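Okay, structure first, notes after.
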Amino acid sequence: AGVGKSSLVHLLCQNQVLGNPSWTVGCSVDVRVHDYKEGTPEEKTYYIELWDVGGTVGSGSSVKSTRAVFYNSVNGIILVHDLTNKKSSQNLYRWSLEALNKDSSPTGVIVTNGDYDREQFADNQIPLLVIGTKLDQIPENKRSDVLIRTAFLAEDFNAEEINLVCFLFPFIYN
């Protein structure tokens with residue numbers, strides 16, 4: 001919760017900054033038109049639906065089973081986390097397993113003392129993108145450590161990684 005998912009979806013779909021973001025209850029859906037291979041003979045127009053699923057991790061089975069409805073027909077997953085909050089990035093393991101295993105609830109502890117079983121994602125065929133937000137809010141002397149930690153996170157998921165700043169739009173740092 002509070003990592004910037006709604007702001008990111010709004011920016012991607014409306015091409016403007018969301019002035020006053022609020023908490024997402026349940027799910028919010030927005031659409032972006034994308035011209036794939038624009039300007040070539042293979043150009044195709046696609047409608048991309050971005051589903052902004054509310055961010056409370058909730059341990060209750062009713063919360064998880066309610067969210068499972070949103071994970072049908074997923075063609076890709078964007079995991080968004082707050083770079084200033086280590087727990088936010090650790091929660092991505094739980095979120096990804098929840099989305100990828102929508103038909104069964106994950107068992108056991110996913111992350112213990114920093115240990116993680118990569119085999120849980122070995123058969124995943126769904127593209128994953130990890131987006132870290134609030135890069136500009138990390139003190140310069142800690143930025144390198146945070147970026148190294150999150151690079152390992154993206155590697156665990158076999159995902160691409162993008163880190164965004166909040167106040168210096170439109171700059172993106174990798």
Side-chain angles (χ1 to χ4, degrees), residues 1-34 46-60 62-102 105-106 110-111 116 120-121 124 126-138 143 146-147 149-174:
V3 302
K5 296 181 300 295
S6 298
S7 295
L8 177 65
V9 168
H10 187 80
L11 180 63
L12 291 172
C13 294
Q14 306 303 322
N15 216 18
Q16 59 181 281
V17 175
L18 183 60
N20 190 18
S22 61
W23 300 102
T24 302
V25 177
C27 180
S28 165
V29 180
D30 213 334
V31 177
R32 176 180 176 88
V33 177
H34 176 69
Y46 290 95
Y47 293 92
I48 301 172
E49 288 183 350
L50 294 169
W51 292 50
D52 174 10
V53 179
T56 305
V57 174
S59 58
S62 64
V63 173
K64 287 181 183 177
S65 64
T66 302
R67 278 196 307 256
V69 170
F70 305 127
Y71 302 138
N72 291 324
S73 303
V74 171
N75 295 310
I77 298 174
I78 301 173
L79 299 167
V80 183
H81 66 105
D82 178 348
L83 291 164
T84 67
N85 180 345
K86 189 174 183 178
K87 186 174 181 183
S88 171
S89 58
Q90 290 171 338
N91 283 337
L92 294 184
Y93 292 102
R94 197 171 318 144
W95 280 113
S96 58
L97 285 174
E98 182 179 308
L100 293 171
N101 298 315
K102 65 181 183 341
S105 51
I110 298 167
V111 178
Y116 155 71
Q120 295 180 68
F121 295 99
N124 176 40
I126 297 173
L128 294 171
L129 174 62
V130 176
I131 297 181
T133 60
K134 306 179 186 178
L135 179 64
D136 54 321
Q137 295 179 18
I138 301 171
R143 194 170 289 178
V146 170
L147 294 178
R149 176 176 42 84
T150 62
F152 283 117
L153 177 78
E155 185 179 319
D156 283 347
F157 292 132
N158 192 27
E160 295 295 320
E161 176 187 32
I162 298 173
N163 294 312
L164 303 173
V165 297
C166 295
F167 299 111
L168 300 174
F169 177 82
F171 301 107
I172 299 174
Y173 294 93
N174 276 326

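All of these numbers come straight from a predicted model, not from anything done at the bench. In this chain, residues are counted from 1 in sequence order.
Applying the salt bridge (Lys or Arg N to Asp or Glu O under 4.0 Å) test to pairs two or more places apart or on separate chains, those with a residue in residues 74-83 are Asp82-Lys134.
Going from atom OG1 of Thr133 over to atom CD1 of Ile162 covers 12.5 Å, rounded to the nearest 0.5 Å. Between atom CG of residue Asn75 and atom CD1 of residue Ile48 there is a gap of 10.0 Å, rounded to the nearest 0.5 Å. One distance of note links CG of Leu83 with CG of Asn163; it measures 5.0 Å at 0.5 Å rounding. Distance check, rounded to the nearest 0.5 Å: NE2 of His81 to CD of Gln90 gives 11.5 Å. Rounded to the nearest 0.5 angstrom, Phe157 CZ and Ile126 CD1 are separated by 13.0 Å. The distance from the OG atom of Ser28 to the NE2 atom of His10 is 10.5 Å, given to the nearest 0.5 Å.
Scored by the side chain to side chain donor-acceptor pair (under 3.5 Å) test, Glu49 finds Trp51 as partners (sequence neighbours excluded). Checked against side chain to side chain donor-acceptor pair (under 3.5 Å), Ser89 has the following partners two or more places apart in sequence or in another chain: Arg149. When the salt bridge (charged side-chain N to carboxylate O under 4.0 Å, His left out) test is applied to Asp52, no partner is found at least two apart in sequence or on another chain. Applying the side chain to side chain donor-acceptor pair (under 3.5 Å) test to Arg32 and every residue at least two apart in sequence or in another chain returns nothing. Residues passing the side chain to side chain donor-acceptor pair (under 3.5 Å) test with Asp30, sequence neighbours excluded: Gln14.
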Could you go through the side chain to side chain contact (heavy atoms under 4.5 Å, CB included) check for Ile131 and Ile78 one step at a time?
CA-CA 7 Å; Ile131 297 181; Ile78 301 173; 3.6 Å; yes
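For Ala99 against Ile77, the heavy-atom pair with the smallest separation is CB-CD1, 3.8 Å. The two atoms that bring Cys27 and Val29 nearest to each other are SG-CG2, 4.1 Å, heavy atoms only.
When side chains are defined from C-beta on, Leu8 does not count as touching Val3, because their heavy atoms never get closer than 4.5 Å.
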